[in-house]
Amino acid sequence: MIIKTTKAIPASEITDPLVFQQRRKIVKALIAGALLPNVISSVSANTGPQSRWPLLKNSEYSTDRALLTPPELVKNYTNYYEFSFNKEDSTELAQNLPTDNWRLEVGGEVEKPGHYDLEEILRQHSPREYIYRFRCVEGWSMVIPWVGFPLADLLKQVKPLSGAKFVKFTAVHAPDSMPKQRIDAMLDWPYVEALRIDEAVHPLTILAVGMYGDVLPKQNGAAVRLVVPWKYGFKSIKAVVKIELLRKAPMTTWHGFAPTEYGFYANVNPSVPHPRWSQYSERRLGSGFFTPRRKTELYNGYGEQVAALYGDMDLRHFY
Ligand SMILES: Nc1nc2c(c(=O)[nH]1)N[C@H]1C(S)=C(S)[C@@H](COP(=O)(O)O)O[C@H]1N2
Ligand SMILES: [Mo]
């Protein structure tokens with residue numbers, strides 16, 4: 001299905017600052033829901049012949065396609081602290097990150113450590129479409145059709161050793177193209193995240209290389225990012241270059257920055273508030289201006305699939 005309503009302007013082609021300001025206004029309006037009727041029909045995941053993956057199979061856990069967030073929103077309202085601390089500037093700034101010939105270094109407690117070409121990995125693990133809810137710890141949410149493959153498939157390939165209990169993910173360190181890595185910002189670079197091994201091999205956990213049927217926009221984490229849909233968005237680390245299997249839990253970026261605010265687990269949970277705000281509800285981006293906030297669901301609605309991972313763990317303690 002191809003329906004052309006709004007024409008996306010590649011950020012790299014925007015020269016006139018007025019045009020840029022205009023786009024910001026559109027995004028702001030979109031977020032407020034004001035322009036929604038004009039763009040909702042442009043939502044299509046498996047788009048036309050020019051898209052990279054025209055015939056994607058849907059993963060069994062995909063949620064309803066009718067709920068998709070307009071792509072203009074997902075691509076222009078991002079959190080990418082290596083580039084910017086606001087939601088808009090990374091759309092343009094991230095275009096400076098070179099993402100061709102991406103390689104993933106896999107190491108630690110594995111039988112087959114090494115540097116793996118992303119394209120080679122994709123030849124072995126055909127991407128599928130995963131339509132997931134996505135909930136940021138800040139209290140907004142979206143529904144995104146990712147293109148990716150289960151992280152478990154890659155881990156199986158490198159053969160974890162029995163000592164592997166955690167998986168650490170490291171994002172790219174590229175101060176030449178990432179302006180906030182050049183200043184003494186609040187965060188330590190590179191951005192680091194981690195999962196317990198059973199979380200990492202859960203079938204919902206994917207490495208994403210695309211969205212809306214096409215390659216991943218740079219501002220959304222190209223060339224490859226993690227997506228863990230039952231956890232707050234900050235766990236879904238972008239631009240991953242290294243994956244290490246470890247015996248012990250590593251320190252992670254946000255947990256290290258503010259341990260009382262951002263836990264290691266970061267499972268979406270409406271009954272465990274952030275110290276500075278409630279997590280009881282969320283604003284679904286693109287929903288109408290008068291649409292009430294949605295109630296946030298435990299594990300972002302994926303409890304049936306993942307609750308068993310946490311048994312009778314005290315979720316207030318392990319937030
Ligand atoms: N490398 C890196 N990954 C990151 C972030 C970041 O700043 N740097 N932000 C995180 C946060 S807070 C969120 S909510 C999601 C946002 O993903 P999106 O911008 O594609 O919606 O990415 C996460 N992954
Ligand atoms: Mo976030």
Side-chain angles (χ1 to χ4, degrees), residues 11 27 30-31 68-95 97 99 102 104 130 132-148 168-175 177-181 185-195 205-212 214-243 252-258 261-263 266-268 274 276-277 279 282-286 296 300:
V27 170
L30 273 166
I31 291 159
L68 290 185
T69 302
E72 289 78 4
L73 267 183
V74 178
K75 296 172 186 177
N76 292 300
Y77 186 87
T78 60
N79 270 336
Y80 208 160
Y81 282 75
E82 287 91 330
F83 292 103
S84 169
F85 301 150
N86 71 41
K87 306 272 189 274
E88 294 151 346
D89 292 348
S90 300
T91 304
E92 191 162 66
L93 293 170
Q95 305 316 314
L97 180 70
T99 56
W102 197 268
L104 272 178
Y130 295 78
Y132 283 164
R133 292 178 292 277
F134 186 92
R135 168 64 156 81
C136 173
V137 73
E138 298 163 346
W140 48 268
S141 65
M142 325 193 252
V143 177
I144 304 176
W146 302 104
V147 180
K168 175 184 175 184
F169 306 85
T170 306
V172 69
H173 187 69
S177 45
M178 296 177 138
K180 297 297 186 227
Q181 289 187 338
M186 54 181 204
L187 297 177
D188 286 334
W189 308 114
Y191 193 107
V192 168
E193 259 308 333
L195 298 171
T205 303
I206 60 167
L207 287 174
V209 293
M211 56 163 60
Y212 298 95
D214 220 327
V215 291
L216 199 58
K218 293 193 182 191
Q219 66 271 26
N220 294 103
V224 58
R225 75 177 296 174
L226 184 70
V227 178
V228 194
W230 71 94
K231 293 178 179 282
Y232 290 121
F234 68 86
K235 298 294 289 184
S236 293
I237 177 175
K238 298 175 173 182
V240 176
V241 292
K242 200 201 275 188
I243 298 177
T252 52
T253 296
W254 284 102
H255 186 54
F257 171 69
E261 302 193 14
Y262 308 103
N267 292 320
V268 174
H274 183 279
R276 292 183 281 128
W277 59 86
Q279 295 291 22
E282 65 201 49
R283 189 166 51 98
R284 178 61 57 80
L285 297 190
T296 290
N300 204 21

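Owing to the predicted nature of the structure, the values given are computational and were not obtained by experimental measurement. Remember, it's 1-based here, ligands and their atoms both numbered in the order they're listed.
- Every atom of ligand 1 with a heavy atom of Cys136 under 4.0 Å away is listed here by number and element: 14 (S).
- Using a non-hydrogen distance threshold of 4.0 Å, Ser236 registers as a contact of ligand 1.
- Considering both main-chain and side-chain atoms, Asn79 comes within under 3.5 Å of ligand 1 through a nitrogen or oxygen pair.
- The heavy atom nearest to atom 16 (C) of ligand 1, out of those in Phe134, Trp189, Tyr232, Tyr77, is found in Phe134.
- Polar contact check, Lys238 against ligand 1: a nitrogen or oxygen pair lies under 3.5 Å apart.
- Between Trp140 and ligand 1, no N or O atom pair is found at a separation short of 3.5 Å.
- Looking only at heavy atoms of the protein, atom 7 (O) of ligand 1 is closest to Tyr81 N, 2.7 Å.
- Inter-residue side-chain proximity for Leu216 and Val224 is flagged as unmet; no heavy-atom pair is nearer than 4.5 Å.
- Listed by number with element, the atoms of ligand 1 under 4.0 Å from a non-hydrogen atom of Ile237 are 3 (N), 24 (N).
- The distance from atom CD of Glu92 to atom NZ of Lys218, rounded to the nearest 0.5 Å, is 13.0 Å.
- When only non-hydrogen protein atoms are considered, atom 21 (O) of ligand 1 lies nearest to Met142 CE, 3.2 Å.
- Minimum interatomic distance between Leu68 and Pro145 (heavy atoms only, all atoms of both residues): CD2-CD, 3.7 Å.
- Close N/O approach between Glu82 and ligand 1 is found [any backbone or side-chain N/O within under 3.5 Å].
- Lys235 NZ to Asn267 CG: the interatomic distance, rounded to the nearest 0.5 Å, is 8.5 Å.
- Annotation: Asn86, atom CG; neighbour count of heavy atoms from other residues, nucleotides and ligands within 6.0 Å is above 12.
- In this structure, of Pro190, Ala239, Gly233, Ser84, the residue bringing a heavy atom nearest to atom 23 (C) of ligand 1 is Gly233.
- Closest protein heavy atom to atom 20 (O) of ligand 1: Arg225 NH1, 2.7 Å.
- Across all their heavy atoms, Arg284 and Thr69 have their closest contact at CD-OG1, 4.5 Å.
- Every atom of ligand 1 is numbered from 1 in the order shown, and the set under 4.0 Å from a heavy atom of Thr78 is 19 (O).
- Annotation: atom 6 (C) of ligand 1 to nearest protein heavy atom, Tyr191 CE1, 3.3 Å.
- Inspection of the Gln219 and Thr78 side chains reveals no N or O donor paired with an N or O acceptor under 3.5 Å.
- You'll find the ring centres of Trp254 and Tyr232 outside the 6.0 Å limit.
- Of all atoms in ligand 1, numbered sequentially from 1 with element shown, those under 4.0 Å from a heavy atom of Ala171 are 1 (N).
- Between Tyr81 and Tyr191, the gap from one ring centroid to the other reaches at least 6.0 Å.
- Side-chain contact between Leu97 and Tyr80: present, with at least one pair of heavy atoms (C-beta onward) separated by less than 4.5 Å.
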